[in-house]
Amino acid sequence: MIIAIDGPAASGKGTLAKRLAEHLGFHCLDTGLLYRAVGRDVAKRGFRLDDTWAAVGAARGLDPRSLDDPGLRGTAAGDAASIVARIPEVRAALLAYQRDFARQPPGAVLDGRDIGTVVCPEAEVKIFVTATPEVRARRRFAEFEALGLGLAYETVLQDILVRDARDAGRPNAPMVVAPDAMLLDTSNLSIEAAFDAAVGLIKRKIGQPGR
Ligand code: CDP
């Protein structure tokens, strides 16, 4: 069984995906990390982020073991990710890894922008998580503060707005709500309440899931 969680920057998809995967005993993949790591590797090799050849090379050579890197969390890594993510060949190079991951028994939760539309259009459950940009910026700002990254709220909000526009506006695999996705607006929900709401949506869609 595949659960696809998509949504804009800092909407809480990642936290929700992890909680659902733990609850169900499923595998979990934060696909944003793949694009963040490609951006990191292109920059590390001294190339421009929009250099197709360099970005495709980085995507093809990506070592999944290198995803556990605290340096991938910040705004610079997110911005770099959304630049390499515009390149169709980069997206194509990351597709097989994501699809293989999704097929692992007993099931998988993947979060990103195009999981329900491109990576796993066959997913049994698709949830599109939203929240207002201000709420998302406040949550991300608090996360950064907890990590000791002293970023201004305005900078965080700006990063979110720029990335949303880039992700929704790209011609290839843009961030859109899949026609069969269920919307979950978490603007006024705590993490716990968002989790409960998502479990409710899953039950409504497929009955009692998992263990
Ligand atoms: O955690 P946050 O929502 O801020 O971002 P992320 O999920 O780590 O994704 C970082 C960037 O990677 C996004 O802004 C997208 O440009 C890109 N991305 C994508 O294009 N497709 C995905 N399935 C996941 C991420």
Side-chain angles (χ1 to χ4, degrees), residues 2-18 28-43 49-50 55 58-59 62 64 67-99 101-102 108-121 123 126-133 135-144 147 149 151 155-178 181 184 186 191 194:
I2 300 173
I3 300 184
I5 313 274
D6 289 303
S11 53
K13 322 173 284 301
T15 308
L16 186 61
K18 272 194 211 91
C28 188
L29 180 64
D30 171 355
T31 64
L33 277 180
L34 302 173
Y35 293 93
R36 286 172 182 259
V38 171
R40 171 199 62 196
D41 293 348
V42 172
L49 292 164
D50 60 357
L62 187 66
L67 299 179
D68 194 16
D69 168 4
L72 295 179
R73 290 197 179 185
T75 50
D79 192 56
S82 73
I83 295 172
V84 297
R86 288 176 58 89
I87 304 172
E89 294 87 345
V90 166
R91 307 197 69 84
L94 297 175
L95 210 47
Y97 177 77
Q98 296 175 82
R99 287 187 174 153
F101 188 98
V109 184
L110 283 80
D111 78 88
R113 302 291 184 291
D114 63 338
I115 308 303
T117 50
V118 175
V119 178
C120 303
K126 301 180 185 180
I127 301 177
F128 195 91
V129 185
T130 59
T132 65
V135 166
R136 292 187 276 131
R138 271 204 299 278
R139 288 182 189 153
R140 188 51 56 93
F141 174 72
E143 266 173 48
F144 285 153
L147 289 170
L149 300 172
L151 281 167
T155 309
V156 178
L157 176 62
Q158 202 48 37
D159 166 68
I160 283 175
L161 294 174
V162 167
R163 277 201 292 135
D164 282 357
R166 208 180 271 144
D167 293 344
R170 68 182 170 224
N172 190 252
M175 172 178 69
V176 284
V177 184
L184 178 57
T186 67
I191 291 175

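We number each residue from 1, following the sequence as shown. Order of appearance sets the numbers: ligands from 1, and atoms from 1 within every ligand. Keep in mind that this is a model prediction, so the values were computed, not measured.
The closest protein non-hydrogen atom to atom 8 (O) of ligand 1 is Arg36 NE, 2.6 Å. Counting only heavy atoms of the protein, atom 16 (O) of ligand 1 lies nearest to Asp167 OD1, 2.6 Å. Ranking the protein heavy atoms by distance from atom 24 (C) of ligand 1 puts Thr31 OG1, 3.4 Å first.
Closest heavy-atom approach to atom 9 (O) of ligand 1 among the candidates Gly14, Ala4, Gly32: Gly32. Nearest residue to atom 20 (O) of ligand 1 from Arg91, Arg140, Arg113 is Arg91 (criterion: closest heavy atom).
Side chain of Asp167 to backbone of Met175: no donor-acceptor contact under 3.5 angstrom is found. Under the 3.5 Å distance criterion, the side-chain polar atoms of Arg136 are left unmatched by any main-chain donor or acceptor of Ala10. Distance alone, capped at 3.5 Å, places no donor-acceptor pair between the Lys13 side chain and the Asp111 backbone. Here the side chain of Asp50 pairs no donor or acceptor atom with the backbone of Val84 at under 3.5 angstrom. Using modelled atom types, one side-chain atom of Arg36 and one backbone atom of Arg73 make a donor-acceptor pair closer than 3.5 Å.
By the 3.5 Å distance cut-off applied to N or O atoms, Tyr35 is not counted among the residues near ligand 1. Any N or O atom pair closer than 3.5 Å counts here, and Asp114 shares at least one such pair with ligand 1. For ligand 1, none of its N or O atoms has an N or O atom of Asp111 under 3.5 Å away. Note: an N/O pair closer than 3.5 Å links Arg163 and ligand 1 by distance alone.
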### Task
Walk me through it: do Thr155 and Gln158 pass the test side chain to side chain contact (heavy atoms under 4.5 Å, CB included)?
CA-CA 5 Å; Thr155 309; Gln158 202 48 37; 5.7 Å; no
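If you check the side chains of Ser82 and Arg166, you find a donor sitting under 3.5 Å from an acceptor. A donor atom on one side chain and an acceptor atom on the other are found under 3.5 Å apart for Arg139 and Thr186.
Taking every heavy atom of Ala81 and a limit of under 4.0 angstrom, the matching atoms of ligand 1 come to 10 (C), 11 (C), 12 (O). Of all the atoms in ligand 1, the ones that sit under 4.0 Å from a non-hydrogen atom of Ser82 are 14 (O), 16 (O). Atoms of ligand 1 lying under 4.0 Å from at least one heavy atom of Ala85, given by number and element, are 16 (O), 17 (C), 20 (O).
Remark: distances from the non-hydrogen atoms of Lys13 to ligand 1 include one below 4.0 Å. Taking a 4.0 Å cut-off on heavy atoms, Ala10 registers as neighbouring ligand 1. Under a 4.0 Å heavy-atom criterion, Arg170 is in contact with ligand 1.
Partners of Arg40 under the side-chain hydrogen bond (donor to acceptor under 3.5 Å, both in side chains) rule, at least two apart in sequence or in another chain, are Ser66, Asp69. With sequence neighbours excluded, no residue forms a side-chain contact (heavy atoms from CB on, under 4.5 Å) with Ala43.
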